Amino acid sequence: MRVRSTDLVSLFEQALSKGPSRELQEIGVVLQVGDNICTVSGLSNVVYGEVVQFEGGNKGVVFNLDEDFVSVFLLYNHIPVVEREVVQRTGTVFKVPVGMKLVGRVIDATGRPLDESGAIEADDFWPIEAVAPGVIERKPISQPLQTGKLVIDALVSIGRGQRELLIGNRSTGKTSVAVDTILNQKDQNVYCIYVSVGQRQASVARLIQRLQVNGAMDYSVVVSAQASDPVLNQYLAPYVGCTIAEYFRSRGLDALVVYDDLTSHAVAYREMSLLLRRSPGREAYPGDIFYLHSRLLERAGTLLKGGSVTALPIVQIQNDDITAYIPTNLISITDGQIFLDTKLFNRGVRPAVNVELSVSRVGGAAQTKAIKKMARTLRLELAQYHELLDFAQFGTELDEISQQRLARGERAIELLKQDLFQTYSFVDEALMLFLLQENFLDKLAIAHVRPFAQQFVSYVMALYAEVYETIAQSKDVTDEQIEQLRAIAREFVKIFVCDDRG
Amino acid sequence: MNKGDFILARRYANAFLNTVDQNVLTRDFVVACACVGDQLVQLREWLAVLELPMITGMQRENMLKILKEESGLPGAATSLVDLLYAHGRMKLLPEILIALKRFYFQRIGLVQFSVQSSCAIGEATRQNIEDFLGCASGKQVLCDYESNIHLIAGMRACSDELFWEYSVAKKLREAQQAVYKDTL
């Protein structure tokens, strides 16, 4: 426990300076305590969601109002609460610190810093429950949020203000896709908030280190409610992250919130509801489990007055079953889903995005024109490839066109593969898709597809920088530029040598 | 006491207040009941013995007689003892007797405060305290005074639902919590 000596004096002065109050405080008395939940008698005028202060220093949030007592969930599990302890009302609901100084910090669900970088200097304290923006206040989604993952930006594009669900079995790369998206927001004027719910401390530490190494903490905030934290903290964490994002949006900025993961969040809420003796429903979840997530995710969106909150909720499924209760709830709430398939993952297709089951309901409206143009036929080609693949497995003899489609599909799949922590700018993606569309990859061996594409991008960046910059500025590829790129590609094909050593 | 027993005790107390002869129901009556209840809180095991199957009917009757006649319980409250015994809920008797006082005072708009101070308080100060508490709560107050050296200096007034404290102990607690909050 470290205490700065200069602060100790001011802390004592602050605590001791208050004179006697002229008012009586409303109190209750703890009747029963256990499993992080207290039953308190008294507190007749307390309101739902109010924070109460225990005499021993703990704090709690009121979750049930009964005729004779109230139920309070505790915020801290290291401060003991005893029977007959006096509980006082604070008169305020649960609030979190918000402000620009939160950027670069790691906090827990109560707003306390976890990164040993000093106290949080908050601009304000906002309640975690807020009304979602109305229909009139919103603007249609038109600006892309580049994830840096070619398969997502080309086929399941995400826009600023959208809610796109990341769904898949355990260890299929859901968090990796989310982290890569955060890493790709460098210099994109997007503030990122990563909310970790019920994760292991080691995993969170590794993730924070990755963000720090890549300079992502310069525009990110991490809210962590670990598996060892009280269940109330795991329930609050997503709302805390959303509130911080709303603060950025209120200042006309764009924010991205990743909720990792909402399955743990639902489990935490189920635990709280069962402890409160609320009636269990399907799979023992309480009846308002849908509302738990809908009121969270509806707060994302783009506003007419400026600013946006993009939400990337993550949900873990079992045995590729997307028809389970919580996943289907979230699929119906969000504006699309990215399904990460275990079979694809095991076959080495990473990111393991199942293009057929993934969808973005915003679609092309949130894609840059350059990528939209280059990826026009990609989905169809992949669909044809997968259909023909079934025939090919039966050993059927295929005609030349079908064989060409198969070959094309194989190269498309290979092109869409991407290493972990590797992100592309939209210009890089447009150039790679150009190669596929213009058949420059058809004659290459599968193993040479990605090196060819990556080296082509470097070639254009190095020797034809003005073309690269023009596409970057205009976010479009004109017919004239397409002709130029064809010539550059023909030139590159002659000099390309693949290094097979690696 | 668990939540279920707490609710049950309050219901019995309310029911008793609604049904007892209103001429009998006075401040002294409920204070006497509460006094017996406070004593019985320490003798819970004695009440539990009443419900053990191995004691004889004679022994049971003797114990009930002691409870009704020698504990200081007012006569009108003995029917409550018989009812609880018949329902097999003797363990709730202490809480019910204490709750009787609380509910009766609520009904007549009286709040009882337990006032603790680090040193003895004179009559004039007591009057000031009662005036302050009456003004702040908006109700008639009844105060019990006791000494509590753990306050170090200062005073603390506590009822079932209202609380006021200004003492060195409170300041030290607040300072400790402020440091604790800053360092964790």
Side-chain angles (χ1 to χ4, degrees), chain A residues 1-4 7-8 10-29 31-32 34 37-46 53-59 64 66-69 71 76 78-79 83-84 86-89 108 110 112-114 116 118-119 277, chain B residues 1-14 41 95 98-99 102-103 106 111 113-116 128-129 132-139 141 150 153-184:
Chain A
M1 192 166 94
R2 288 185 294 115
V3 178
R4 288 176 289 235
D7 288 350
L8 195 58
S10 63
L11 279 173
F12 275 121
E13 277 177 358
Q14 221 173 346
L16 300 174
S17 61
K18 287 178 265 186
S21 166
R22 291 203 159 273
E23 287 167 6
L24 300 177
Q25 288 173 301
E26 276 187 54
I27 60 157
V29 171
L31 284 180
Q32 199 177 326
I37 183 173
C38 272
T39 306
V40 177
S41 80
L43 294 177
S44 354
N45 296 321
V46 77
Q53 172 82 51
F54 290 79
E55 197 174 22
N58 209 327
K59 282 188 176 177
N64 244 19
D66 281 302
E67 190 185 346
D68 301 305
F69 54 87
S71 300
Y76 309 114
H78 59 275
I79 304 176
E83 200 185 350
R84 312 295 308 164
V86 168
V87 185
Q88 295 171 4
R89 287 183 64 190
D108 69 2
T110 62
R112 284 185 319 171
L114 296 176
E116 296 187 352
R277 303 289 186 145
Chain B
M1 164 174 266
N2 68 40
K3 208 162 61 180
D5 287 346
F6 173 75
I7 297 170
L8 211 47
R10 287 168 70 99
R11 291 202 181 141
Y12 271 106
N14 264 321
V41 165
E95 276 70 35
I98 293 167
R102 193 184 316 137
F103 289 145
Q106 271 177 16
V111 179
F113 279 93
S114 165
V115 179
Q116 298 172 0
N128 284 341
I129 292 167
F132 164 69
L133 292 173
C135 193
S137 63
K139 295 184 178 168
V141 302
H150 298 296
M155 200 159 56
R156 172 179 168 129
C158 185
S159 75
D160 292 327
E161 294 201 358
L162 297 169
F163 180 81
W164 185 92
E165 184 176 2
Y166 191 67
S167 65
V168 172
K170 184 184 177 199
K171 291 295 177 189
L172 290 175
R173 247 184 354 254
E174 285 173 358
Q176 182 194 42
Q177 284 165 21
V179 171
Y180 203 51
K181 189 179 153 192
D182 187 61
T183 54
L184 287 177

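Just so it is clear, the structure is predicted and the values come from calculations on it, not from any experiment.
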Notebook entry, point to check: Does some side-chain heavy atom of A:V86 sit less than 4.5 Å from a side-chain heavy atom of B:E165?
Noted result: no
Item checked: A:Q25 versus chain B, the contacting section by heavy-atom distance below 4.5 Å -> both
Notebook entry, point to check: Given the options B:C135, B:A136, B:A157, which has more heavy-atom pairs under 4.5 Å with chain A than any of the others?
Noted result: B:A136
Margin query: Please rank B:F132, B:F163, B:W164 by heavy-atom pairs under 4.5 Å with chain A and give me the top one.
Written below: B:F163
Checklist line | Test item: A:E55 and B:R173 side chains (from C-beta on) under 4.5 Å apart, heavy atoms | finding: yes
Check: Partners of B:R102 by side chain to side chain donor-acceptor pair (under 3.5 Å), sequence neighbours excluded?
Finding: B:D160
Check: Checking heavy atoms, do the side chain of B:C158, its backbone, both or neither come under 4.5 Å from chain A?
Finding: side chain
Check: Looking only at heavy atoms, what is the nearest atom pair of B:S159 and A:I27, with distance?
Finding: O-CD1, 3.6 Å
Notebook entry, point to check: How many angstroms lie between OG in A:S44 and CG in B:L162, if you round to the nearest 0.5 Å?
Noted result: 8.0 Å
Margin query: If the condition is salt bridge (Lys or Arg N to Asp or Glu O under 4.0 Å), which residues does A:R89 pass it with, not counting sequence neighbours?
Written below: A:E26, A:E50
